[in-house]
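Here's the structure we're looking at; comments come further down.
Atoms within each ligand, like the ligands themselves, are counted from 1 in listed order.
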Amino acid sequence: MATVVMKFGGTSVANVDRIRNVARHVKREVDAGNRVAVVVSAMSGVTNQLVAWVREASLLHDAREYDAVVATGECVTAGLLAIVLQSMGVQARSWQGWQVPVITDQAHGAARIVDIDGQTLRERLDAGDVAVVTGFQGIEPTRNRISTLGRGGSDTSAVALAVALKADLCDIYTDVDGVYTTDPRIVPKARRMSKISYEEMLEMASLGSKVLQTRSVELAMVYRMRTRVLSSFVPPEEMKPARPDTWDEIGTIVCDEDEIVETQVVSGIAYSKDEAKVTLLGIADRPGVAGAIFGPLADANINVDMIVQNLSSDGKSTDMTFTVLQSELPRAVEVLKGAREAIGNFELVSSGDVVKVSVIGIGMRSHAGVAAQMFKALASKGINILAITTSEIKISVLIDAAYAELAVRTLHSLYGLDAE
Ligand code: ADP
Ligand code: ASP
Ligand code: MG
């Protein structure tokens, strides 16, 4: 008997019919003798609608009330799934974040789980219950308020719960049958990987592949939780129950590097449309100016990603280009204007019409020339690079948004990732 956490995302629970399908997946595991905890997202589109209502109510809103509203989507799904399971003769009970409890920090809207007390749920599983737990939400104990984990946060709830329950496996059911070399909705030739290392998945997620929330991969990596991505759209009867020995037969397993026999130099391509580019023109070229720019941004908790500095032709002034999250652009501009005295004169130009395209692969550690190949291939398609960043296992370039798909497709072919 295995303890399994099954997580179902928005499209998997989009309506009562889909919830019935999910219940059949759950029943399959119960019938096979597995102990099961289920984590559910809101029905697809619901969280977007809730966020839109909050914004309509007031653009500048209280983060605690935002969480009070957006956490409700998951409550509906958890209750509905428990009802459907019960109607199928499966002993089931829904659990909201505060009931478990899933304890988080105070960062409302993007809270981190600090602890899950798994005791009560473990007892319920021992008694033969299926526990249906709301994803995405927890409770912030100092003020006793509902908190949410940031968009896509149900993945993180699932992995964290799997760790707390000492589960054997964590299955993330979604609308694709695994992790692909790139987003299969953009590149039809993308290939499913049967395994991907924690490190590569972490880079893919943080560079824009939203199939798993970044934090969920971090947790899986730290706790070595075996996490699998698979499709809820495969008929439940056609899938085997989860067993540690046959677990790697379908989907994609996120696992240790050592478990992957066949490695490629580049394993995947990610892209992110969430970036915005800021350029400060004509700033004085003197020691301390970078600190004067990036210090106040850091103080305001605004993350800066790519940075490029160019000396102007007269050699006296310089232009600084960098990227921030598009959602933080208005705040970044305000902060920079406020720091004008320390920075000195400058002209500010910003644009959200950019995309960051990244190639990822642990093979890059031991292979030279991956970047050069990338730049040449992009140039051959007439794609101009606005900024570059690299790490040991990834190279990212910032380009015009209009070229996003062309760039991803070009790089996917370049590194031999296309399916035959
Ligand atoms: P869920 O609602 O189940 O959490 P998401 O929409 O958050 O589902 O994540 C699944 C989606 O992630 C897929 O539909 C796919 O378009 C997208 N995606 C992006 N990059 C990848 C990738 N490399 N492999 C698989 N899916 C990807
Ligand atoms: N419902 C939340 C969202 O749409 C959490 C999730 O689906 O993971 O972001
Ligand atoms: Mg998701």
Between [X] and ligand 1, which part of the residue brings a heavy atom under 4.0 Å of the ligand: side chain, backbone, both or neither?
{"X": "Thr182", "value": "backbone"}
{"X": "Ala270", "value": "neither"}
{"X": "Met204", "value": "side chain"}

Please state which protein non-hydrogen atom is closest to [atom] and give its distance, to 0.1 Å?
{"atom": "atom 8 (O) of ligand 1", "value": "Thr174 OG1, 3.1 Å"}
{"atom": "atom 25 (C) of ligand 1", "value": "Gly178 O, 3.4 Å"}
{"atom": "atom 15 (C) of ligand 1", "value": "Asp183 OD1, 3.4 Å"}
{"atom": "atom 7 (O) of ligand 1", "value": "Lys210 O, 3.5 Å"}
{"atom": "atom 4 (O) of ligand 1", "value": "Lys7 NZ, 3.2 Å"}

Just do the side-chain contact (heavy atoms from CB on, under 4.5 Å) check on Asp168 and Val4 with the steps written out, would you?
-> CA-CA 6 Å; Asp168 300 284; Val4 186; 5.9 Å; no
Short N/O distance, under 3.5 Å, between [X] and ligand 1?
{"X": "Ser12", "value": "no"}
{"X": "Thr181", "value": "no"}
{"X": "Tyr180", "value": "yes"}
{"X": "Gly10", "value": "yes"}

Examine Arg185 relative to Tyr180 and say whether NZ or CZ is less than 6.0 Å from the centre of the six-membered ring and inside a 45° cone about the ring axis.
-> no
In ligand 1, which numbered atoms sit nearer than 4.0 Å to a non-hydrogen atom of [X]?
{"X": "Ser209", "value": "20 (N)"}
{"X": "Pro184", "value": "24 (N), 25 (C), 26 (N), 27 (C)"}
{"X": "Asp175", "value": "10 (C), 11 (C), 13 (C), 14 (O)"}

Is the number of heavy atoms from other residues, nucleotides or ligands under 6.0 Å of Arg124 CZ greater than 12?
->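 No, not enclosed.
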Under the 3.5 angstrom rule, does the side chain of Glu405 hit a backbone N or O of Ile186 as a donor-acceptor pair?
-> no
Do Thr252 side-chain atoms and Val179 backbone N/O form a donor-acceptor pair below 3.5 Å?
-> yes
Which class fits the ring pair His25 and Phe8: parallel under 30°, tilted 30 to 60°, perpendicular over 60°?
->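 Taking Phe8 first and then His25, their aromatic rings sit tilted (interplane angle of 30° to 60°).
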Under the ring-ring contact (aromatic ring centres under 6.0 Å, His included) rule, collect the residues that match up with Tyr198, sequence neighbours excluded.
->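 Not a single residue meets the ring-ring contact (aromatic ring centres under 6.0 Å, His included) criterion with Tyr198.
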Centres of the Phe322 and Phe294 rings: under 6.0 Å?
->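 Ring centroids of Phe322 and Phe294 are less than 6.0 Å from each other.
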Among Asp353, Val354, Val355, find the one that has a side chain to side chain contact (heavy atoms under 4.5 Å, CB included) with Lys273.
-> Val355
Are the charged groups of Glu334 and Arg331 less than 4.0 angstrom apart, N to O?
->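 No, Glu334 and Arg331 are not salt-bridged.
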Please determine if Asp256 and Lys195 form a salt bridge, counting it only when a charged side-chain N lies under 4.0 Å from a carboxylate O.
->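 No, this pair does not count.
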Taking the side chain as C-beta and beyond, is there a heavy-atom pair between Ile399 and Asn384 under 4.5 Å?
-> no
Identify the heavy atoms of Glu29 and Pro241 that sit nearest to each other, and give their distance.
->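 So the minimum-distance heavy-atom pair works out to OE2-CA, 3.4 Å.
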Chain-and-number sorted residues having a heavy-atom contact under 4.0 Å with ligand 2 are Ser41, Ala42, Thr47, Glu74, Phe136, Arg151, Gly152, Gly153, Ser154
